[in-house]
Amino acid sequence: MENNLLNNLNEQQLAAVNCNLGNKLILAGAGSGKTRVLTCRVAKLIDSYDVKPSNILALTFTNKASAEMKQRLEKILKISSYGLWFGTFHGICRRLLKIHWNEAGISEYFTILDSQDQLRMIRRIIKSKNLDENLYDSKHLQNFINSQKDKGLRYDSSDNDDDKYRDIFRDYDLACRQTNSVDFADLILLSYEMLLTNENVLNYYRNRFRNIMVDEFQDTNTLQFKFLKLINGSSGSLYAVGDDDQSIYGWRGARSRNIQSFKDEFLDVEIFKLERNYRSTNKILSVANSLISNNKERLGKNLWTDTEKGDPVYLYEAYSGDDESIFIVDKIQELIDGGLKRSDIALLYRSNFLSRRLEEELNARSVPYKIYGGFRFFERSEIKDVIAYLRMAVNNSDDAAFERTINNPPRGLGEKTIHAIREYSKKNKITLWEAIHDLDAIGLGSTRIINSINEYKKIINSIYQDLTKHNLKKIIGNIIEYSSLSKHFDSKKNEEALSKQENLEELLSTAERFYQNNIDSEDIVVEFLANAALEAGEYQSKAHEDPVQLMTIHSAKGLEFPVVFLTGMDEGIFPNENRNINKDFLEEERRLCYVAITRAMKTLYITHANARYMHGSNNFLIPSRFISEVEDGLIEPIKISRKYRENVKSNNLNHDFNEFNQEGSFDNFSQEDNSNYFRVGQKVNHMKFGNGVILSYTGKKEDLKLHINFEHYGKKWLVLSYAQLDFL
DNA sequence: TTGTAGCCTTTTTTT
DNA sequence: AAGGCTACAA
């Protein structure tokens, strides 16, 4: 092994890289160089232990982490990494099923259902069973089914007392098999079951993958843990890298307790710790450590650094979401003018919807940016439409794709007709596609319906013919043409349809790019479909080479940026209020915040807004509890400048200078679109002063309570924002 | 019977 | 804002 590769590793890192074969657990704090250790370890295996790349299986959780590590590996490994299996759990399991579909008892051309497809399927089953949809909520059942599968359980062993739950679970799985569909959890569960019941296959992979590397081990769920245990066997070497403080996928069934279980359930586990942080300045790390020390459930480690103290961690308390984004983009422009690359700046947030206002401001001021995740490209409805046609051609038993395409664009086949087809297919246990070949038997005789269905069959068959004749781009282009989707959007002529047209264009170049990147692929169409389901948009156009980076904290895990803006640090948004705030949930949110803070290398800005437009109305917000949980003195508030106040006044409130007198009545509140909340001349019953005002008054219909965020402005008051509060 | 305009509800995070 | 649902026009 080239020595210079190891030259820059510290003692702890060297120990973790140079250890002998066997099961290892690396407890690696944030920014402790774990990706480097992992990549060096792969190099070490190949160079010193005579391991062939094909004897290595490397697993990650997110596509981005996977791409990042692949890139680093290719850079470090001078020799070919041919045969090394590398990818996400889901990606690797898809690969296994693609090879061993026969042993797994599924069709060769299975379709991967994304959560939306899955939900529709479940909804259909609940409907067909005539169950009360309030009692059997489809989302709830989706969670139930997924959580069972994530534990490795099928319907017959599932832990729910309600037999109906099991029935739906069973019927859903049957429907999946019948339509050659596989959901996300199934990718792993079917692989697991396939290995469990096929000794030869299991032995082959045990033998082949004697070295398994798993990154972000704290994110493994019960099923993934079982899967690893099974394939590792008693002679394999599992190299697991994880950090319990960065466990943020509990809601998806991840059990950070797997870190402890690893010690107990795998043979002779040796443990290494990486505690020195190289990434962040002392100040940033202090904030992170101070916050995470509020968590009780920790294995405990001592992350330290001897890097410079660095800039303070700043807190900006904005008046509103508008103010927040104006402040951020101002700062970004300042930083860029100072010579910083745009891509060195990341804007992180708890929920995708928070990106919208930030995007607007970046757009308005022509700052190039790239947004990861969010409304993903392959989740846009028009893209899913085209993809569904392609899915139908590849796997015509794909009922989900059938339902999506049969009357889209509208060709005169409505609910009645489709219902009849559905019933017939259910009765005869055939797919919807097969059903439309028996129109007589269904009793659909009208010429209009027959013509429409024949037209549909023709489209699908033409696409099928194209599969072997044309390249990917041409196939997709033809789908858009055959299906008349393009014509359909053309005829609409509104802005929305126009952007859909543009997205279809984009899909064509995406297809071309995918083809160029996978030129050796044997079955490009099938790979493309898998990519659409599993990666939902990695091949999106790169708008600019040097864009500001926008993403959720979840997708930022494993990445680092010189400058980070942690936005939307408002109670209710972060920690998120949509779930009951129990202790475990809160600890996970806190870990998520810890992850966000530790992404920053040099500078960290935390922003909070007193009011934010969300859920269709203006909401008053207080700063996230996580801000006050940090020890005093570690975070430096930024004084609100006059400039931002002007912005608030002029741009953001259509009732900028509203006055109301202390005796308690509104004088001239302009109401316009806010009449829900305010009426002119309303009597004020009660008023309380504070950082905001809580004020209740009697309205025409009922008593309402309002939150007013205001500031003294001379002798008058400037109302900055207000919101109805129905929970007080 | 189908298509569609407009109303209502609802939005965590990822594979 | 986007999907689901309802009411009504074709």
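Heavy-atom basis, side chains included; hydrogens, waters and symmetry copies ignored. All values reported here derive from a predicted model rather than from experimental measurement. In the text below, chain A, chain B and the rest are named by the order of the sequence lines, each starting its count at 1.
When each of A:Arg120, A:Lys384, A:Arg124 is checked for a salt bridge (Lys or Arg N to Asp or Glu O under 4.0 Å) with A:Glu403, only A:Arg124 meets the rule.
Between the P atom of B:dT10 and the CG atom of A:Leu119 lies a distance of 14 Å, rounded to the nearest Å. We find that CD of A:Gln116 is positioned 14 Å from P of B:dT11, with the value rounded to whole Å. One atom, CD1 of A:Ile418, and another, C1' of B:dT2, lie 10 Å apart when rounded to the nearest Å. Atom P of nucleotide C:dA2 and atom CZ of A:Phe353 are separated by 15 Å, given to the nearest angstrom. Distance, A:Phe574 CZ to B:dT13 P: 12 Å, rounded to whole Å. Rounding to whole angstrom units, CD of residue A:Gln118 and P of B:dT14 are separated by 16 Å. As rounded to whole Å, 11 Å separates atom C1' of B:dT9 from atom NZ of A:Lys139. Per the geometry, NZ belonging to A:Lys557 stands 20 Å off P belonging to B:dT12, to the nearest Å.
Side-chain nitrogen and oxygen atoms of A:Asn576 include none within less than 4.0 Å of the OP1 or OP2 phosphate oxygen of B:dT11. A close approach under 4.0 Å does occur between a side-chain nitrogen or oxygen of A:Asn352 and OP1 or OP2 of B:dT13. Within the structure, a side-chain polar atom (N or O) of A:Arg123 is placed less than 4.0 Å from OP1 or OP2 of C:dG4. Close to B:dT2, at under 4.0 Å from its OP1 or OP2, lies a side-chain N or O of A:Thr417. Side-chain N/O atoms of A:Asn221 include none lying less than 4.0 angstrom from OP1 or OP2 on B:dT15.
Between the side chains of A:Gln218 and A:Glu216, a donor-acceptor pair is found at a separation under 3.5 Å. With 3.5 Å as the limit, one finds no donor-acceptor pair spanning the side chains of A:Gln224 and A:Asn258. Counting only N and O atoms by type, the side chains of A:Glu382 and A:Asn503 include a donor and acceptor under 3.5 Å apart.
For the pair A:Thr88 and A:Lys416, both in contact range of DNA chain B, the more 5′-proximal nearest nucleotide belongs to A:Lys416.
Note on A:Tyr249: only backbone sugar-phosphate atoms sit closer than 4.0 angstrom, heavy atoms only; bases stay farther off. At a threshold of 4.0 angstrom between heavy atoms, the contacts of A:Asn407 are confined to the sugar-phosphate backbone, with no base atom among them. As judged by a 4.0 angstrom heavy-atom cut-off over every strand, A:Arg448 is placed among residues touching the sugar-phosphate backbone only.
Here A:Trp251 packs flat against the base of B:dT13; its ring centre is closer than 5.5 angstrom to the base's six-membered ring, tilted by less than 30 degrees.
Between the side chain of A:Ser115 and the base of B:dT15, at least one donor-acceptor pair of N or O atoms lies under 3.5 Å. Judged by distance alone with a 3.5 Å cut-off, a donor-acceptor contact links the side chain of A:Arg350 to the base of B:dT13.
In this structure, the ring of A:Trp85 has its center less than 6.0 angstrom from the ring center of A:Phe209.
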